[in-house]
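What follows is a single structure, written as structure tokens, with notes after it.
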Amino acid sequence: MGELSYVFGKEWIRTHRCGELNGRDTGAGVVLAGWVKKVRELGFLTFIDLWDRTGLVQIVVDEKQAELHRLFRSLRSEDVIACTGTVRKRPSDMINPDMKTGEIEVEVERAVVLNRSEVPPFTVTTDVQANEDLRLRYRYLDLRRDPLQRNLELRHNLAFSVRKFLFDEGYLEIETPMLVRRTPEGARDYLVPSRLQPGKFYALPQSPQLYKQTLMVAGFDRYFQIARCLRDEDLRSDRQPEHTQIDIEMSFITEEEIFDVTERLMRAIFQEIVGEELQLPFPRMTFPEAMGRFGTDKPDLRFGLEIRDCSKTFFDSEFRLFRSIVEADGTVRGILLEEGVAFSRRQIGELEEVVKAAGAGGLAAVKVEGGAISGPFSKYLSGEGTRELLSAFDVKDRGLLLLVGGEEPVVSKALGELRNYLGRRYRLEGGRRYNFLWVNRFPLFVQSDEGGWEPAHHIFSMPLEEDLGRVEEDPGSVRGYLYDLVCNGIELGSGSIRIHHRELQERIFSVIGIDKAQAERKFGFLLEAFQYGAPPHGGIALGLDRIAMIMGGGASIRDYIAFPKTQRATSLMEGAPSEVESGLLDELHIRVTKGKNKEG
RNA sequence: GGGGUCGUAGUUCAGUUUGGUUAGAACGCCGGCCUGUCACGCCGGAGGUCGCGAGUUCGAGUCUCGUCGGCCCCGCCA
């Protein structure tokens with residue numbers, strides 16, 4: 001019975017995994033291996049909770065085996081051991097009903113220490129008590145915890161389920177390059193210097209967009225890929241510099257086919273992974289409708305609190321502030337919160353902070369009770385005006401009207417934020433529900449800061465047929481075959497029908513200020529491909545990390561990625577990014593002009 | 001680029017408002033006792049660059065300035 005074994009011997013090959021044992025194994029001789037979670041010494045008797053990915057099992061040694069007992073007493077949390085022993089039923093009053101294997105225990109006969117562990121920097125336990133930076137520094141210990149084990153297992157099952165569904169539907173999984181040509185527009189690129197081509201750079205792909213369209217030209221009419229996408233932008237709890245997309249593209253289809261296959265994919269994976277039966281089809285809403293009713297392009301439909309417009313009430317009211325706003329082509333909109341009728345001044349102040357942070361000038365809160373309004377401007381509204389206001393919000397009897405006036409986009413945004421805040425703050429989301437919807441008909445172009453036009457989504461999306469004529473004259477009014485899949489206020493995916501004719505693609509380029517020469521230089525290969533029999537096509541990309549997060553009920557995608565980055569895009573475990581030896585830089589024809597390069 | 005918040009034993013925190021004796025608690029760790037524990041129990045012990053650097057002060061965990069780092073958010077993310 002060795003103290004420590006450097007080389008793992010075949011006599012310790014496991015017969016079972018810890019969490020697999022149960023009463024039916026009683027009497028069986030077993031070989032187990034795993035991590036020591038907890039040592040409980042009781043004088044002449046020592047218990048150990050032995051852990052592996054499948055669960056915990058109690059193993060036990062008493063003093064009759066003196067040497068083995070001494071070994072057991074030397075063990076500490078996170079030591080790795082293997083042992084042989086016999087499964088036995090616990091006495092009935094010793095059964096632990098909180099443990100999957102609580103009916104039995106293993107009486108150990110032989111054991112070996114495979115590795116000792118330092119005292120871990122934090123306790124490796126389900127309800128971890130450590131800050132996230134420490135957990136990230138020792139990610140392998142954090143990942144050893146049950147919640148993260150389950151999250152990565154969920155992610156695995158999810159990816160597997162996606163593949164199974166799409167294989168069955170006849171989609172081909174095709175990989176595309178990681179070293180790609182940089183294309184302008186969109187997010188900041190990660191660049192990779194070329195050694196063989198001095199002064200030139202590859203980019204890491206923000207998405208496989210151009211490649212999947214090229215694959216459509218090549219005739220792979222049903223393509224998918226579980227693809228890594230890299231964007232050098234600032235991070236959030238739902239945004240990492242590298243994330244994984246379920247990237248799908250198909251030919252000879254309309255929007256309807258994409259909606260249909262995506263909905264059935266969602267139904268299949270939610271059924272399989274979380275046992276939830278999604279109702280199909282998902283509701284659909286145009287972009288203007290979403291902005292008008294919910295103040296956002298990704299509304300959370302788990303609760304109501306719709307935004308209503310009450311501008312016309314104030315046209316001929318005595319309430320000067322709102323009157324001047326609507327006379328200046330602004331708008332007055334609001335939300336009815338029935339539960340808010342008893343809100344304190346302080347609670348209302350909290351809500352005002354929310355809308356102000358979103359850019360609104362202020363918040364007018366109007367209490368309604370028994371069909372009468374009270375508050376700052378009750379005296380400015382006539383009986384007719386009051387009735388009009390109440391009917392705009394379908395006020396039953398009582399409630400709190402939260403009104404914001406100003407320019408349309410600011411008002412929408414502020415009320416959208418307020419609506420989400422109310423949903424969170426007053427827990428209106430309900431339990432574990434998944435409210436999907438499609439938001440579509442996004443505008444193709446938005447005004448840029450410099451006054452020109454830029455693509456709202458991406459440059460390859462098809463304009464609506466009826467808007468084609470206005471591409472040059474009135475770009476702002478052109479809608480696209482563009483759609484986002486939204487669940488519980490989170491954007492889970494987005495896609496479009498693509499342009500597949502060179503001429504139309506060039507017209508779109510020219511609206512956003514890319515002339516023919518530039519287009520040729522930047523996207524020449526795609527435009528050229530369009531000239532050799534490009535089929536009509538379109539697709540969608542779904543965020544795998546976010547889907548995993550929403551399925552697992554988590555608050556951050558970091559918990560569903562094995563090795564995530566911090567908010568400043570570093571990895572605390574291995575210390576990336578890092579400086580490199582100057583010789584390497586020479587080879588890459590690169591000179592660093594800022595900061596020092598200490599290594600090398 | 002900006003706003004907020006946090007940083008004190010190995011860990012999680014208290015102490016900072018109002019500067020003042022030897023910086024505390026729980027868990028963990030170390031030693032001892034204990035035959036049915038499973039949050040084991042009991043007795044004892046060790047453990048601190050109060051993130052880092054300046055400054056103010058007789059005196060700084062506490063006040064000021066700077067800086068580093070984690071998290072949340074705005075901008076950004078076709």
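Here is how names work: the chains are called A, B, and so on, in the same order as the sequence lines, proteins then strands, and each is numbered from 1. Hydrogens, waters and symmetry mates are skipped; everything else that's a heavy atom, side chains included, is used.
Side-chain atoms of Arg53(A) do not come within 3.5 Å of backbone N or O of Arg17(A) as any donor-acceptor pair. Between the Asp484(A) side chain and the Val486(A) main chain, no donor and acceptor come within less than 3.5 Å of each other. Looking only at distances, no side-chain donor or acceptor of Asp79(A) sits under 3.5 Å from a matching main-chain atom of Val36(A). Although no hydrogens or angles enter the test, the distance criterion places no donor-acceptor pair under 3.5 Å between the side chain of Asp189(A) and the main chain of Leu191(A).
Here the C1' atom of nucleotide rC29(B) and the CD atom of Glu78(A) are 14 Å apart, to the nearest Å. What separates NZ of Lys565(A) from P of rG69(B) is a distance of 16 Å, to the nearest Å. Taking atom NE2 on His69(A) and atom P on rC34(B), their separation rounds to 11 Å, with Å as the unit. Computed from coordinates, the Asp133(A) CG to rC72(B) P distance equals 12 Å when rounded to whole Å. The distance between atom CZ of Arg239(A) and atom P of rC72(B), rounded to the nearest whole Å, is 11 Å. If you take CG of Asp79(A) and C1' of rC29(B), they are 14 Å apart, rounded to a whole angstrom. When rounded to the nearest whole Å, the span between CG of Asp142(A) and P of rC71(B) equals 13 Å. In this structure, Leu75(A) atom CG and rC29(B) atom C1' are separated by 16 Å, rounded to whole Å.
When both distances must be under 3.5 Å, the Watson-Crick or G-U wobble mate of rC29(B) is rG45(B). Under the Watson-Crick or G-U wobble criterion, with both distances below 3.5 Å, rU5(B) is paired with rG70(B). With a cut-off of 3.5 Å on both Watson-Crick or G-U wobble distances, the partner of rU21(B) is given as none. Across the strands present, rU35(B) finds no partner; the criterion is a Watson-Crick or G-U wobble pair with both atom distances under 3.5 angstrom. Remark: rC63(B) base-pairs with rG55(B); criterion is Watson-Crick or G-U wobble with both hydrogen-bond distances under 3.5 Å.
When heavy atoms are screened at a 4.0 angstrom cut-off, Lys413(A) is found touching the sugar-phosphate backbone but no base atom. Within 4.0 Å (heavy atoms only), Thr46(A) reaches no atom of the nucleic acid at all. Within 4.0 Å (heavy atoms only), Glu41(A) reaches at least one base atom of the nucleic acid. Residue contacts shown for Ala358(A) are absent, as no nucleic acid heavy atom lies under 4.0 Å away. Using a 4.0 Å heavy-atom distance criterion, Leu56(A) is classed as making no nucleic acid contact. Within 4.0 Å (heavy atoms only), Arg182(A) reaches no atom of the nucleic acid at all.
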Pair up each side-chain donor or acceptor in residues 437-446 of chain A with any protein partner under 3.5 Å, not counting sequence neighbours, and list the distances.
residue, atom, partner, partner atom, Å
Trp438(A), NE1, Glu263(A), OE2, 2.8
Arg441(A), NH1, Glu255(A), OE1, 3.2
Arg441(A), NH1, Glu255(A), OE2, 3.0

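Using the six-membered ring where Trp is involved, Tyr140(A) and Tyr138(A) have ring planes that are perpendicular, over 60° apart on the 30 and 60° scheme.
Taking atom P on both rU22(B) and rA39(B), the two are 42 Å apart, rounded to the nearest angstrom. Nucleotides rU5(B) and rG66(B) are separated by 15 Å at their P atoms, to the nearest Å. On the C1' atoms, rU18(B) is 29 Å away from rG3(B), given to the nearest whole Å. rU62(B) and rU57(B): their C1' atoms are spaced 13 Å apart (whole Å). Taking atom C1' on both nucleotides, rU16(B) is separated from rG41(B) by 38 Å, rounded to a whole Å. Taking atom C1' on both rG61(B) and rA23(B), the two are 8 Å apart, rounded to the nearest angstrom. Straight-line distance between the C1' atoms of rA9(B) and rU17(B): roughly 25 Å, to the nearest whole Å. With both ends at atom P, the span from rC13(B) to rC71(B) equals 15 Å, rounded to whole Å.
Enclosure of atom CD in Glu407(A) is not indicated, since only 12 or fewer non-hydrogen atoms of other residues, nucleotides or ligands lie within 6.0 angstrom. Residue Glu118(A) places its CD atom among 12 or fewer non-hydrogen atoms of other residues, nucleotides or ligands, all under 6.0 Å distant.
Between Lys565(A) and Glu242(A) the shortest side-chain heavy-atom distance falls below 4.5 Å. For the pair Arg145(A)/Arg135(A), a side-chain contact is recorded, criterion being any heavy-atom separation below 4.5 Å from C-beta on.
Classification of Arg424(A) and Glu417(A) as a salt-bridged pair fails, no side-chain N sitting under 4.0 Å from a carboxylate O. Classification of Lys298(A) and Glu491(A) as a salt-bridged pair fails, no side-chain N sitting under 4.0 Å from a carboxylate O.
At the phosphate of rG70(B), OP1 or OP2 sits under 4.0 Å from a side-chain N or O atom of Thr566(A). Arg558(A) has a side-chain polar atom (N or O) that falls below the 4.0 Å cut-off from OP1 or OP2 of rC72(B). In this structure, Ser237(A) reaches the rC73(B) phosphate: one of its side-chain N or O atoms is under 4.0 Å from OP1 or OP2.
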Hey, what are the protein-to-nucleotides 1-7 of chain B N/O distances that come in under 3.5 Å?
residue, atom, partner, partner atom, Å
rG1(B), O6, Asp234(A), OD2, 3.4

Pick out the pairs of N or O atoms, protein on one side and nucleotides 35-39 of chain B on the other, that lie under 3.5 Å.
residue, atom, partner, partner atom, Å
rG36(B), O6, Arg88(A), NH2, 3.0
rG36(B), N1, Glu105(A), OE2, 2.8
rG36(B), N2, Glu105(A), OE1, 2.5
rG36(B), N2, Glu105(A), OE2, 3.1
rU37(B), O2, Arg40(A), NE, 2.8
rU37(B), O2, Arg40(A), NH2, 3.4
rU37(B), O2, Gln58(A), OE1, 3.3
rU37(B), N3, Gln58(A), OE1, 2.8
rU37(B), N3, Gln58(A), NE2, 3.0
rU37(B), O4, Gln58(A), NE2, 2.7
rU37(B), O4, Arg90(A), NH1, 3.3
rC38(B), O4', Arg40(A), NE, 3.1
rC38(B), O2, Gln58(A), OE1, 3.4
rC38(B), O2, Asn96(A), ND2, 3.2
rC38(B), N3, Arg90(A), NH1, 2.7
rC38(B), N4, Arg90(A), NH1, 3.4
rC38(B), N4, Met94(A), O, 2.5

Which pairs, protein N/O on one side and nucleotides 30-32 of chain B N/O on the other, fall under 3.5 Å?
residue, atom, partner, partner atom, Å
rC30(B), OP1, Arg76(A), NE, 3.0
rC30(B), OP2, Arg76(A), NE, 3.2

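Annotation: the span from Gln206(A) atom CD to Gln245(A) atom CD amounts to 10.5 Å, rounded to 0.5 Å.
Residues meeting the side-chain hydrogen bond (donor to acceptor under 3.5 Å, both in side chains) test with Arg236(A), sequence neighbours left out: none. Here Glu103(A) pairs with nothing under the side-chain hydrogen bond (donor to acceptor under 3.5 Å, both in side chains) rule; sequence neighbours left out.
A donor N or O paired with an acceptor N or O is not found under 3.5 Å between the base of rC68(B) and the side-chain atoms of Arg568(A).
Judged by closest nucleotide on RNA chain B, Asp238(A) is the one of Asp238(A) and Ala187(A) placed further toward the 5' end.
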